[in-house]
Amino acid sequence: VVPFCQSKNFADSLKANGLLDEFMLIPSGQHGPITFNEVTFKKMASFFTKHAKLDIKNSFDNYFYKDPAAEVGVDDKGFIRRWLILEPISKPSRTNAIFTDSYLKRTLCDTIYFDNQFTMIPKDGQTVKVGKDKLKWHALDSKNFNTKLFRFSYGLQKPIYGVLYWTVTVVNSDKEINNVRMAVGSNSGSQWWLNGEPAVMLSNDRRMVVDDCVSPRMTLKKGKNIVRGAIINGPGMSDFCVRFIDENGEPVKGITVSYK
């Protein structure tokens, strides 16, 4: 609620830019009961509901899309943008300080949440049973180098805090590439595997930083290579980025990414 002259000027500006559907005047409204009544409350509730729905849609559409190509390349800095992401598993936590190495090993490596957790290459729309919940896999391409899990959950109207995500992708190489390292950044803790072998763990409360942790030297096989990750977060914005780097710290290019 603002003085009339301010709301009038603001409305004129919105109209000039095609952003105002309706402008409701309340003579002598001031800041009291004349302004706050059943009619105005309904108008305000309708406005916020409309824009909340738009915000939810934009949260997804602004960060993800589906490229119809069977394979896509890594981006110009080597980041993998194509992922199969499972809807979040509820894992309540009031703080990320508990994400020690031992906690992550117990929670991400030793606990089974769904069948074939460490071996499946899911299909888009496939569901798995986690406790009493049936969760769906989504095949998506990220518009950013870092995959915004918070936006993924918010756009699907799923839990955004106290969550555990699983993600899978297939990296294709036309030759064997030795001595590469998987370089990962995540918010918050995460564990990553390459072809079923543990690659790198990111523990403790952390923000997503490019190449925050790197694996020991590994080999990308000729053909298909399975990258699997588990990302856990309590409060805060969840996201991650993954790429492979060579002995000189340069991004590995000439590889493609697919869902199968």
Side-chain angles (χ1 to χ4, degrees), residues 59-89 108 113-114 116-128 130 135-156 158-160 163-173 182-196 198-202 208-213 215 220 224-233 237-245 251-253 255-260:
S59 177
F60 201 86
D61 293 347
N62 288 346
Y63 295 93
F64 298 98
Y65 70 107
K66 290 191 176 185
D67 191 317
E71 294 185 18
V72 297
V74 295
D75 70 15
D76 59 354
K77 294 185 177 179
F79 289 104
I80 298 170
R81 297 194 181 198
R82 168 165 286 190
W83 296 94
L84 284 146
I85 309 172
L86 182 65
E87 292 172 350
I89 297 170
L108 306 183
Y113 297 94
F114 52 91
N116 304 314
Q117 177 175 293
F118 295 109
T119 57
M120 75 180 307
I121 303 176
K123 297 179 180 179
D124 186 26
Q126 183 176 349
T127 60
V128 295
V130 181
L135 304 180
K136 183 185 294 186
W137 287 94
H138 296 263
L140 297 168
D141 294 274
S142 173
K143 292 185 177 181
N144 301 304
F145 77 92
N146 56 326
T147 302
K148 301 281 192 178
L149 295 172
F150 179 94
R151 296 296 180 180
F152 168 78
S153 283
Y154 183 70
L156 294 175
K158 299 294 182 179
I160 55 177
V163 286
L164 167 60
Y165 299 92
W166 284 88
T167 186
V168 181
T169 198
V170 180
V171 174
N172 308 286
S173 179
M182 185 189 295
V184 182
S186 69
N187 186 348
S188 183
S190 64
Q191 171 69 46
W192 297 85
W193 295 263
L194 175 63
N195 295 324
V200 59
M201 175 186 286
L202 288 78
M208 199 288 300
V209 177
V210 170
D211 301 346
D212 194 12
C213 292
S215 71
L220 281 175
K224 298 183 181 298
N225 298 267
I226 312 304
V227 176
R228 194 177 308 274
I231 306 97
I232 189 169
N233 205 359
M237 307 279 278
S238 305
D239 64 335
F240 70 89
C241 64
V242 179
R243 63 178 175 176
F244 289 96
I245 56 176
V252 175
K253 298 182 180 180
I255 53 178
T256 62
V257 191
S258 61
Y259 297 125
K260 58 184 181 179

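Here the structure is a predicted model, which is why all the values come from computation and not from measurement.
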Within the structure provided, determine whether [X] and [Y] are in side-chain contact (heavy-atom separation under 4.5 Å).
X	Y	result
Met182	Val227	yes
Ile232	Val163	no
Ser190	Met201	no
Met237	Met208	no
Val171	Ile80	yes
Val170	Asn225	no
Thr127	Leu135	no

Reported [atom1]-to-[atom2] distance for the pair [X] and [Y], which is rounded to 0.5 angstrom:
X	Y	atom1	atom2	answer
Trp137	Leu86	CH2	CG	5.0 Å
Ser215	Phe244	OG	CZ	7.5 Å
Thr169	Ile121	OG1	CD1	9.5 Å
Phe240	Leu202	CZ	CG	12.0 Å
Tyr63	Thr147	OH	OG1	12.5 Å
Arg228	Leu194	CZ	CG	11.0 Å

Set of residues satisfying ring-ring contact (aromatic ring centres under 6.0 Å, His included) with respect to Tyr113, sequence neighbours excluded: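 ring-ring contact (aromatic ring centres under 6.0 Å, His included) list for Tyr113, sorted by chain: empty.
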For Phe79, all residues meeting ring-ring contact (aromatic ring centres under 6.0 Å, His included), sequence neighbours excluded: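 Residues passing ring-ring contact (aromatic ring centres under 6.0 Å, His included) with Phe79: Phe145.
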To check you understand the geometry: which heavy-atom pair defines the closest contact between [X] and [Y], and what is its length?
X	Y	answer
Ala230	Leu108	O-CD1, 3.8 Å
Thr256	Glu71	OG1-OE1, 2.7 Å
Pro88	Pro159	CG-O, 3.6 Å

Pair His138 + Phe64: ring centers closer than 6.0 Å: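 Judged by ring-centre distance (under 6.0 Å), His138 and Phe64 do not meet the cut-off.
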Trp192-Trp166 aromatic ring centre distance below 6.0 Å: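 Ring centres of Trp166 and Trp192 not closer than 6.0 Å.
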Does [X] have any side chain to side chain contact (heavy atoms under 4.5 Å, CB included) partners at least two apart in sequence or in another chain, and if so, which?
X	result
Asp141	Tyr65, Asp67, Val72, Arg82, Tyr259
Asp76	none
Ile160	Phe150, Ser153, Tyr154

Within 6.0 angstrom of Lys143 NZ, more than 12 heavy atoms from elsewhere: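 Yes, enclosed.
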Donor-acceptor contact present, side-chain Lys77 to main-chain Pro251, <3.5 Å: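 No, because the side chain of Lys77 does not come within donor-acceptor range (under 3.5 Å) of the backbone of Pro251.
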Whether Asn187 side chain and Asp239 backbone form a donor-acceptor pair below 3.5 Å: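 No, because the side chain of Asn187 does not come within donor-acceptor range (under 3.5 Å) of the backbone of Asp239.
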Val184: which of Val200, Asp212, Val210 passes side chain to side chain contact (heavy atoms under 4.5 Å, CB included):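 The option that passes is Val200.
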In chain order, what residues pass the side chain to side chain donor-acceptor pair (under 3.5 Å) check against [X], with sequence neighbours excluded?
X	answer
Trp83	none
Ser258	Asn172
Asp75	Arg81
Ser238	Asn233

Verdict with supporting geometry, Ile245 and Val252, side chain to side chain contact (heavy atoms under 4.5 Å, CB included): CA-CA 5 Å; Ile245 56 176; Val252 175; 5.6 Å; no
Test salt bridge (Lys or Arg N to Asp or Glu O under 4.0 Å) applied to [X] - qualifying residues, sequence neighbours left out:
X	result
Arg151	none
Lys158	Glu87
Lys66	Asp124

